[in-house]
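Letters A, B, ... mirror the listed sequences (proteins, then strands); counts begin at 1. Since we're looking at a predicted model, the values are computed, not measured.
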Number of protein chains: 2
Amino acid sequence: MRSAAFDREQVLRAAMNAFMEKGYNKTSMQDLKRATNLHPGSIYCAFENKKGLLLAALEQYNQDRTAELKDIFAAQSRAKSGLQAYLDSIVSECISGDPTQACLSQKAINEIAQQDDEAQGVLSNQCTLWQRFMCEVFGQIEREGGLIGERSAEQRAQSLIVGIYGLRTYSQAQKDPKVISAIARQLLNDVCK
Amino acid sequence: MRSAAFDREQVLRAAMNAFMEKGYNKTSMQDLKRATNLHPGSIYCAFENKKGLLLAALEQYNQDRTAELKDIFAAQSRAKSGLQAYLDSIVSECISGDPTQACLSQKAINEIAQQDDEAQGVLSNQCTLWQRFMCEVFGQIEREGGLIGERSAEQRAQSLIVGIYGLRTYSQAQKDPKVISAIARQLLNDVCK
DNA sequence: GGATATCTTGAATGAACATTCAAAAAAGAG
DNA sequence: CTCTTTTTTGAATGTTCATTCAAGATATCC
């Protein structure tokens, strides 16, 4: 037996960035070779093919973002402040205009979920997990007395996720930072009402 | 002089469908040749290149959708019913799962706005026009007494558009029709509050 | 210290790609 | 009808694509 010489996480993060810069279809194996410093044979040996590399990168991405998400909420004493901080972080990603700060999952949902059942399954699952986490957040906010209306935590989580997807798309067409943060503020408001 | 033998609108609608099925990058000139029944030379003669064909298709798409949008509102006696009917039509597009019922503008925003300034300009402009129309709608709803809160028509239009973008993305990850229509109902509610 | 198994290397492969072009066709002007 | 201008045709172009593979390198096991 012999173990791979490269650092898998490091390679996957490099691939993530490449995919985020150009999207899946526009990113060539040449780009991925350059980004990862791996020879074609090594990539195929480790990930089977280009799609396999995307799926592995998607998994790593979700793992990284989930950790980040939990950190943001852990850093706040109240769940509602956590939600606010989370939305702020998304706003600053949107405003930055940096492609590598976009959401790889969302990009993949838009570019390939419709075309590939395996990717669709992975992405659908990631979305569900994200929603489940947000459900818990709203449960916590409710216990803290931070909610006004009668909606279930699940409905709120759904609306929040829809709003975040929409915000990320909208910010690519309308780049005014004030508008983006105003929309995010309104979203926070709507979702707690 | 000699005029082109093909029907420009018909060709652009065929190209639209091709782009919606596979996305811009995955759609090859072969696909476009097949879809439009035009030879490569004719496409290049009329639209300069693949990107030119996309931009022309995008313009046609926006024209078609704008007409459709106005029809939906014209068919209702009150603006609020128009908005409801509009959201219903979007929900049924999302539920259908038919790629050719997706929004080409939104697909293009996600796939190429970041990479191409010309496309970004066109798409940003289309988004602004859409928002302006929705502003008028909310003005009308307000005059009809259908609004509750204090937000401006512009803010409401922004939130609506963000919600629609989000709904379209979300529906590619979560396909339950009941969930999709519930979210749309909530969106209508939030945006009139 | 072999033997074995696996990874690495990087050139080679053939397919698919966007685009070009020269020749043919045809529409409109006079 | 003829000339001019434009479109149409479809094969050809050269590039880039994802993938393969055989040879070489190296870790691990016994």
**Study point:** Ile109(B) side chain near Tyr170(A) side chain, heavy-atom distance below 4.5 Å
**Key:**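 In short, these two side chains do not touch, never coming nearer than 4.5 Å.
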
Find the distance [X]:[atom1] to [N]:[atom2] and express it as a whole number of Å.
X: Tyr44(B); N: dT9(D); atom1: OH; atom2: C1'; value: 15 Å
X: Lys50(A); N: dC17(D); atom1: NZ; atom2: P; value: 9 Å
X: Lys33(A); N: dA18(D); atom1: NZ; atom2: C1'; value: 14 Å
X: Phe6(B); N: dT9(D); atom1: CZ; atom2: P; value: 10 Å
X: Asn37(B); N: dT7(D); atom1: CG; atom2: P; value: 19 Å
X: Phe47(A); N: dA18(D); atom1: CZ; atom2: C1'; value: 16 Å
X: Leu32(A); N: dT19(D); atom1: CG; atom2: C1'; value: 13 Å
X: Ile43(A); N: dA18(D); atom1: CD1; atom2: P; value: 10 Å

Is the shortest side-chain N to carboxylate O distance from [X] to [Y] below 4.0 Å?
X: Lys193(A); Y: Asp190(A); result: no
X: Arg65(B); Y: Glu93(B); result: yes
X: Glu9(B); Y: Arg13(B); result: yes

Exercise for review: Starting from the 5' end of DNA chain C, give me the residue, Pro40(B) or Pro40(A), whose nearest nucleotide shows up first.
Suggested key: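 Final value for this comparison: Pro40(A).
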
Review point. Between Ser28(A) and dT16(D), does any side-chain N or O lie under 4.0 Å from OP1 or OP2?
Key: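 So the side-chain polar atoms of Ser28(A) never come under 4.0 Å of the phosphate oxygens OP1 or OP2 of dT16(D).
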
**Study point:** Asp71(A) atom CG, over 12 foreign heavy atoms within 6.0 Å
**Key:**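 Result for CG/Asp71(A): enclosed.
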
Exercise for review: Report, as yes or no, whether the 6.0 Å neighbourhood of atom NZ on Lys51(A) holds more than 12 heavy atoms from other residues, nucleotides or ligands.
Suggested key: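 Counting neighbours around NZ of Lys51(A), more than 12 heavy atoms of other residues, nucleotides or ligands fall under 6.0 Å, so yes.
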
Check your understanding: Considering heavy-atom distances to DNA chain D, does Cys45(B) or Thr27(A) have its closest nucleotide positioned more toward the 5' end?
Key ->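 The residue whose closest nucleotide sits nearer the 5' end is Cys45(B).
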
**Study point:** Rounded to 10 degrees, the angle between the two terminal axes of the helix from dG1(C)-dC30(D) to dG30(C)-dC1(D), each from five pairs
**Key:**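 Here the helix ends are tilted 20° relative to one another.
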
Check your understanding: Taking 5' to 3' order, which nucleotide of DNA chain C is first and which is last to have an atom within less than 4.0 Å of a heavy atom in chain B?
Key ->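 Result: dC17(C) to dG28(C).
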
**Study point:** Cation-pi, Tyr24(B) ring and Lys50(B) (6.0 angstrom, 45 degrees)
**Key:**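 Flagged: Lys50(B) positioned over aromatic ring of Tyr24(B).
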
Check your understanding: Ring centroid separation for Tyr61(A) and Phe19(A), is it under 6.0 angstrom?
Key ->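 Not close enough - the centres of the two rings lie 6.0 Å or further apart.
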
Check your understanding: What does Ser42(B) touch in the nucleic acid at a heavy-atom separation under 4.0 angstrom: a base, only the sugar-phosphate, or nothing?
Key ->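 Touches a base.
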
**Study point:** Arg151(A), Arg156(A), Gln155(A) screened by side-chain hydrogen bond (donor to acceptor under 3.5 Å, both in side chains) with Gln186(B), the one that passes
**Key:**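 It is Arg151(A), the one option of Arg151(A), Arg156(A), Gln155(A) that forms the side-chain hydrogen bond (donor to acceptor under 3.5 Å, both in side chains) with Gln186(B).
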
